[in-house]
Every structure is written in structure tokens, then in C-alpha cells.
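Naming: A, B, ... by sequence-line order, numbering from 1 per chain.
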Amino acid sequence: MRFGRYIVFLGFLFIIFSFGLLSYASQDREKSSFENRFLAQNPDISLEKIGSGEYFKQFDTYFVDQFYKRDSWVKYYTLLQMKITPVYVNGYYVTKDNYILAKPDEGFPKNEMNKAAANVNKLGNYLANKHTKLYYFSLPSKRNMLVQSLPSYVPKGRNEANKDYFLSQLNPKVVSAVDIRPSIEKKYDYETIRKMYFKTDHHWNIKGAILGYEKIMESISKDFESVPKDYQLPNYSLSCLKGYDFIGSWNKQLLMQVNAEGEPICYYEPTTYSFNDFAVYKNGIKEANKVDISNIYARIKNKTEKSGVYAEVYSESQSEFNIVNPSSENDLKVLVLKDSYMNSIPFHIAHHFKETTYYDMRYEPSRSVYDYLASHDFDIVIIAYNDTNLTKAMYDFNSPSK
Amino acid sequence: MVKGVNFVVFSNLVFLYGFLPIVLLCYFIVPRFLKNTILLIASLIFYAWGEPIYVFLMLFSIFMNYIFGLAVSKSENTSWKKIWLWAAVLVNFGILGYYKYANFLVDCVNGLFHTAYVLEKIPLPIGISFFTFHAMSYVIDIYRKKVAVQRNFLDLSLYISLFPQLVAGPIIRYNTVAEQLTKRFVTFDLFVVGIQRFVLGLAKKVLIANPLGTVADKVFTMSAGDLTTGTAWIGIMAYTLQIYFDFSGYSDMAIGLGKMFGFHFDENFRYPYISRSISEFWRRWHISLGNWFRDYVYISLGGNRVTTWKIYRNLLIVWTATGFWHGASWTFMAWGFYYGIIISLEKAFLGKWLTKLWSPLQHLYVMLLVMIGWVFFRADNFAYSIDYLKTLFGLNGELYDSQSILLSLDNFWILLLGIILSTPFFPYLQEKSENLSEKYVGIRLVKELFGSVYYVLLLFVITMYLVNSTYNPFIYFRF
């Protein structure tokens, strides 16, 4: 009656042979939507690569990337961890009301922050010589702002302290640095602040972004009289899409295991002007580059499937796009060096200037920021990064993106 | 892309779902006279996958020891036998010494004599400590006339390079497998037992050792000033369990794989954490290494058949060498020497005192000393080890902080599981269920069913963990 042996024998061989064969036989995937990256493909073989061991490493990567039903395996792992791990799963904590929170940063990368701040100061000096004003806006990240929602016994990390340190290293003579967070915390309680962030994504939603926009324009309009002061909330009306599903970036890390049903996708649209009044250009301002606003902003509305990520809800990060406001009350030209936090309010900002250039260094492999500045003149340069973005490549204004 | 992961370990998708099925298929379809050839080719590919250049070093080592074995065997004159033996020892340890210890020796010379010699970092070929010891045991056993020389070069190559035990042991003595190289049979039951052993070993490594390793790594990379007593204890507990499950899991996998191909390897771990003395601990931990040093170093130095002070001298030499075998640094030597002292003390008088102690205190004695030893083993340097130990015993830092609470909550179940499974609880359960199933048919049926499905489910869970370990999301792309 020892049938168990047969189960072990057949089960083991069936699994190792079938998954091996299926992995080999199934079509290779190009990308993983969950991991947000390209997957390794079957490497070319050569004697040189075999001799150096490079072929074997590449084959290993290819095999694991193309393993049969890879995403499903990770999904079940995530589900299991969510059942057995009380705090962090894949580095994320899920609150009872389905907010996904990331583990706070605990390190203090002092040298790297010093280097980044020095680069900002250097840029400030360069721009000052060109009579261009430099602003640095620190936008309150969800990772930092909602740290209170973590369990009381969990270390709250050093995000806020790191940001304060970084800002203290900026030279006020050449950089006007503004920390957006205090102005929001002064006006709103924590529960209201929570609602300014997507539950399952790492970004703020339009409710948070519009307050960031208000503060940015309040700061700039103090220094530039010609900048219109109609940035306050009553100048915008809130509208939300119905029947759409939001795909949060952090939910993707958890293989969409958190229920994000009902997460609103909303916009603040102007009441005194229209975004359609602007001319939008992908890359330089040339007729050939002119695109419709729907090409840049709120592309989710044009999708057949009613679901989208932050980049489709608002705008996608790209190397350069320009917004020209023909009805501008001034002739100001503004360069915005940004990360994805600014993707929700590009047109709101652009309303206040003649030309607004959005430049995301991460996607510009052919030129550095200095190269760009050398061939363009701006009245104002804005650096607007979320407050966990304090080091490394996005402060390397001398180099193109790698 | 995920950085290239190397499949020269068994807990790897390429090994499990690529290499192993192909080798099993080839092995069982070829006629008997080709089976060793298949295993040899598979073993060389296995090694070359991780070390495409150093596979030639291993082949060179095999060839040299083949020649030395023949030379020792053929020499009729005892002096010549000894000369060939010493030649083998020098060449083998020369190769091991160069790749593993040369950089360390240069650093020592520079430190002692204030010189500034520079030696470019020499890469350490995987498994060199193991295959060198395998080869040494072969030649020494020929010299001691414990085994006949192996004239078949392929069979000797197979013994030294056999992939189940090549990179992480157990250290298989030639005399235990000599006959099996040419005469072995794989029965259905043996193959199934091999699968079960392999899967259990894989589970130990992937489901217990790896997660606990993450905890240990996190704690041991914290600066001493940031540690609290609570965090330090969680870190050392995690490491104590990680190293046991990692190493014993790997041995289980090696033994299981061996069985699948008809080989019987000796046990390498026998629940060392239930020991009641350090001497007993080392009879249960990495048994093959302890036996190797006992038989080839301790006994060669005279063993117990010398004057009393020399016995202790021999013990200290052997244990320091054991520590040094683990790694080229003073911390490893100190770790070995530490055990040499304790074992000497137990031999002298402490062992007798221990036997009179209440059993739980004996266990506590062992666990405390072992964990203290692991601090030196794991830490990067002495200074950190001392600071860590001070914090462990409440002489530094706070008692606990939010990090301690988070680590204990997040890892409570895995720590508990690790503690339970590091005792013979599982075999105890198996024995009880075996007794019950002999009495009751129903229980036998349930045991057969669940006892077997368990292994299949375990393999699924292991695969899930392995796939997830390669999960490498890039959050900010195109946002």
C-alpha cells in the first residue's frame, strides 16, 4: 500500500520536466508589465562569451526571466507573504483601508546629498550669470508624508531628516528653495492629507498636486509681478472619471493583490481658461513637433480599456515637451527640470508663462542639462522633485542620461 | 535585466528545471557502461557553468592526483611512497594556498614587516577547498593502504568532480565511494528517498535559510552604534539558524542527488543544536570536515597517543586549521582556535562537570558558546565582533527599539519554525506516524497520501520562492 512513493516519483519528475519544457517551448516575452522592465532574451552564443562565463550568466538571466508563468509564481508568493507577514511584503505595508506604503529610507547618504546640493548650487551660479532665476521645489512624497500610517512600532526612517539636510545645503543666494510640505501640513489635518495621495501608487493625486501647484506659483509670483495670480483652488473645478480602474505602481509590485476599486481618477480643470488654448510640442518648438493635448495629457480617456497607470492618467515622463501659451500676460520662458510628481500639473503651471519647457533628464541620452541651457534662454529654471529624490543621476546636470 | 545569477548551486531555477531533468534523462537512458561518462560530463558542465576557466584547474588537480596516486601505489620503497605523498600534499595545498590564502598572506607580511607588497586580488574558484580535500583523501588513503589505486582516470575524475558534492560538500572520502563508482544500483525506492531528501534540503535552503539570511544580513550591516540588545539577539539567532539550514540543506541536497544516481553518502549533520557539549556539537556539525581533520591532521600529529601537552597542542592546531579552512582571515582562525580552547577544556575537566549539569543548562551552554562563535564567524572584523557581543549581553546600547520589534514581528514564524526544525522534531513525528500507521489502516492511507503530496507541494512552494527571488521591478521607468 505504499502508493505514496509513486506520487513523489511522478510528481517530482512531472514538475521538473514539464516546467522546464514549458519554459523552453513557450514564446519569449519582451516585457514584464509588473516589473516595468524589458525581460532578457535568448543570448547569442560565442566561444568568447563561453570562455569569459558571460554566456552562462546571460543564459541564467534569460531562463529565469522567461520562466513559465513567472508573473503568476510571483503573484502567489506575494499572496502567501501577505497572509503570513504582519508588516512588510516585498518592502510594502498595506493598511486596513488598502493604502500601500513603502518602507521608509533609513540611510543617510550624506556624501551623495552634498554632491547633489553642490550641483544645484553650481547650476544656480551658472544661471545667475545668465540672469536666470533658479527655484528648487521639494514636493512632499507619499513615502515621506504618510509615514504616520505605518504601525507605531515600525521605524519611521530618515526621509524627512534627509530632505531637511539637503535643503540646508542649498545656497539661498543662487537657489530659491521651497519646501512645499509645511504649507500643506499647516492647512490640512492628516486624514485630509492622506486623501491627497493615490492609495496604491507612489504619487500624489490631483488633490495633492494642485496644492503643490498653488505653492509653486505663489512663490514665483511673489518674485515676478507679471505672473498671473489666479492659481488658487477656486479657479479650478474638480471632475472625476467614472468606471475607470487605476493601476497603482506599488500595487503592481504586489501583483495587483490590493483592491483598488473605487480609487478616484480626478482632474482639476480651469474655469477661466482652457488647456486646449495652449500649443503643445513634443521636443522642440517646431510645427512638425506640434501635437494635440490628448497626446500628452490624460491619455487614459482615449483608451478602449478603462484602466490606466499614473502616466496615462496624467502625463508621461519624456525627455522634452513644450507648452506655449499664446494668451500669456508675460513673455516669460520657463524650464522645468522635473520628476514624475510634476506630471499631474504641467498645464496648470504652463498657464502662467509664455513658454514652459518640461525636461526630464532621465530620458535625455544625447545632451546634458548644461548643453540644453547653452542653446536656450530661460527667465526661470525650476527644479521640482519629490522629497525622496535627493541624490544621484537627476542632479548630474553635466551628463546626459545613461 | 536581472543581474546574471549563477546556477552552480542547486537552489536555482536553471539547475532544477534545466540541468537536472536533462542529466536524469540522459543518465537513465544510456547503457550502464556510459552512465559514469554522463555523470562526469554533467559534473564538468556544472562546474564550468560557474567557472569556465577554472574547470581546467580542477581537471589539472584531478590529473595530478591521478599521477600521485599511481606513483604512491607503484612505489615499493617506503621512502619513495613518502616522497610522492609529500609531493601530492605540497602540490594540492600549494594550489589551494595560492588561490585561497595568497592575498591574506601578503597582507600579513605587509602588516608584520611594514612592507607594501601588492598582489592583485586572486579569484577563488568555487569548491576548491572541497575538491582539494577529496583529492588529498584519495592519495593519503592509498599511502595508508586503505584503498587500492584507481587506475581508471574517468572514474577518479568522477569521484573528485561529482556534482552533488563538488561545491559545498559533504567531503566524501574515496574509500566510502570507491566501490560505488563501478558497482551501484538505483532502485525505485532509493530514487524516491533521494527525491525526498533533495526536496527537504532545498526547502531548508530556500524557505528557511534564505529568508533568515536576509534578516541576519540586515542586522550585521547595521553599525554597532545602531544596534540594540534585542536586535542583536534577533540577528544572531537568524544567523545561527541560517548557517545551519543553509549548510545542512545543501548536504541534504547532495545526499539526495547522490541517491538518485545510486550513491550513498554519509550524513554530514546530525542536529548539532541539540548537543550538550561542544565536543558533541562537532561530532554533529559538518561531520565530514571534522572526520577529515581528525584522520588526516590530528592522527598524523600523533592524535591521543602522545604526551598530554601534545594532545592539547594537536587539538589547538587542528581547530585553528579548521577555522582557517573556512576562510582566509584572522577572524576565521580565531573562531577555530576558540573551539580548540573549549574542546581542550572539555577534554581536561569541563566535560565531566557538564555531564553533572541539568540537561537544559547543558544545552544553554552549547548554544551560548556556539552563537558567540558565530558572531566572530559572521562579523567582518574583530572590533565589530566585540561590539556586537557587548550589545548582545546588554553592555552597549538600548535594550530594544522599533527595529527590534519590527524584526521580531516580521520574522517570528520563520524563527520559530527554524528553531523547531533544528531539533529532531520532524523525524520524531515521522516515527510516531509510522507506529500509528502500522496499527491503523486509515492512518496509513492518510500518511501515504499526505506524506507524499507534501513533497510535491513543497516543490511548488520552493519554486515560488525561487522565482520571486529573481523578481526585479523597476518602479520609475516611464513614469
Practice task
Would you check if the distance from the ring center of B:Y17 to the ring center of A:Y24 is below 6.0 Å?
Solution key: no

Problem - Which portion of A:S72 sits near chain B, non-hydrogen atoms under 4.5 angstrom - result: neither

Exercise for the section: Enter the distance from B:N468:CG to A:Y77:OH here, rounded to the nearest 0.5 Å. Expected result: 4.5 Å

Problem - Short side-chain donor-acceptor distance under 3.5 Å, A:Y6 and B:E448 - result: no

Exercise for the section: Please look at B:L24 and chain A and tell me whether the side chain, the backbone, both or neither of the residue comes under 4.5 angstrom of a heavy atom of that chain. Expected result: side chain

Problem - Contacting region of A:E106 [heavy-atom separation from chain B under 4.5 Å] - result: side chain

Practice task
State whether the number of non-hydrogen atoms from other residues, nucleotides or ligands found under 6.0 Å of A:L47 atom CG is greater than 12.
Solution key: no

Practice task
Report the C-alpha separation of A:I15 and B:L16 in whole Å, then their side-chain angles, then the decisive distance to 0.1 Å, and conclude whether the side chain to side chain contact (heavy atoms under 4.5 Å, CB included) test is met.
Solution key: CA-CA 10 Å; A:I15 291 170; B:L16 268 181; over 6 Å; no

Handout entry: Winner by heavy-atom pair count (cut-off under 4.5 Å) against chain B, out of A:G20, A:G11, A:P155
Key = A:P155

Problem - Greater than 12 external heavy atoms within 6.0 Å of A:E48's CD - result: no

Practice task
Would you give the length of the straight line joining atom CZ of A:F17 to atom CD1 of B:I22, rounded to the nearest 0.5 angstrom?
Solution key: 8.5 Å

Practice task
Heavy-atom pairs under 4.5 Å with chain B are the metric here; pick the option from A:Y68, A:Y76, A:Y314, A:Y62 that has the most.
Solution key: A:Y76

Handout entry: B:F426 atom CZ, neighbour heavy-atom count above 12 within 6.0 Å
Key = yes

Fill in the blank from the handout: Closest heavy-atom pair, B:P52 versus A:S52, reported as atoms and distance to 0.1 Å, is CG-C, 4.1 Å

Exercise for the section: Identify the heavy atoms of B:Y465 and A:I84 that sit nearest to each other, and give their distance. Expected result: OH-CD1, 4.4 Å

Problem - Flag if over 12 foreign heavy atoms under 6.0 Å of OH, B:Y440 - result: no

Practice task
Determine the option with the most heavy-atom pairs under 4.5 angstrom with chain A, choosing from B:I195, B:I405, B:L407.
Solution key: B:I195

Exercise for the section: Working to the nearest 0.5 Å, report the span between OH of A:Y88 and CG of B:L406. Expected result: 6.0 Å

Practice task
Give a yes or no on this: more than 12 heavy atoms of other residues, nucleotides or ligands lie within 6.0 Å of atom CD of B:Q430.
Solution key: yes

Fill in the blank from the handout: If one checks every heavy atom of A:L10 against chain B at 4.5 Å, the contacting part turns out to be neither

Exercise for the section: Select, from A:V74, A:N90, A:L80, A:I50, the one with the greatest count of heavy-atom pairs under 4.5 Å involving chain B. Expected result: A:V74

Practice task
Against chain B, label A:E54 side chain, backbone, both or neither, depending on which of its atoms sit under 4.5 Å from a heavy atom there.
Solution key: neither

Fill in the blank from the handout: Highest number of heavy-atom pairs under 4.5 Å with chain A among B:V199, B:D189, B:L20 belongs to B:D189

Handout entry: Exceeds 12 heavy-atom contacts within 6.0 angstrom, atom OH of B:Y400
Key = no

Problem - Flag if over 12 foreign heavy atoms under 6.0 Å of OH, A:Y55 - result: yes

Handout entry: Proximal component of A:F67, with respect to chain B [non-hydrogen, under 4.5 Å]
Key = side chain

Handout entry: Segment of B:L409 engaging chain A (4.5 angstrom heavy-atom cut-off)
Key = both

Exercise for the section: Report yes if the distance between the aromatic ring centroids of A:F9 and B:F191 is under 6.0 Å, otherwise no. Expected result: yes

Practice task
Name the region of A:D71, side chain, backbone, both or neither, that has any atom closer than 4.5 Å to a heavy atom of chain B.
Solution key: neither

Handout entry: Gap between atom CD1 of A:I7 and atom OH of B:Y454 - 0.5 Å precision
Key = 15.0 Å

Exercise for the section: For B:N435, look at atom CG and say whether over 12 heavy atoms of other residues, nucleotides or ligands are found less than 6.0 Å away. Expected result: yes

Fill in the blank from the handout: To the nearest 0.5 Å, atom CZ of B:F198 lies from atom CZ of A:F12 at 5.5 Å

Handout entry: Options B:L466, B:D226, B:T463, ranked by heavy-atom pairs under 4.5 Å with chain A, top entry
Key = B:T463

Exercise for the section: Measure the spacing between CE of B:M464 and NZ of A:K75 and express it to the nearest 0.5 Å. Expected result: 12.5 Å

Exercise for the section: Return the orientation label for the B:W49 and A:F56 ring planes: parallel under 30°, perpendicular over 60°, tilted otherwise. Expected result: tilted

Exercise for the section: Select one option (side chain, backbone, both, neither) describing which atoms of A:L13 are under 4.5 Å from chain B's heavy atoms. Expected result: side chain

Practice task
Show the numbers, then the answer: is there a side chain to side chain contact (heavy atoms under 4.5 Å, CB included) between A:F3 and B:L445?
Solution key: CA-CA 9 Å; A:F3 61 86; B:L445 280 170; 3.6 Å; yes

Practice task
Write down the atom of B:T470, the atom of A:R37, and the distance for their closest heavy-atom approach.
Solution key: O-NH2, 4.2 Å

Handout entry: Segment of B:M222 engaging chain A (4.5 angstrom heavy-atom cut-off)
Key = neither

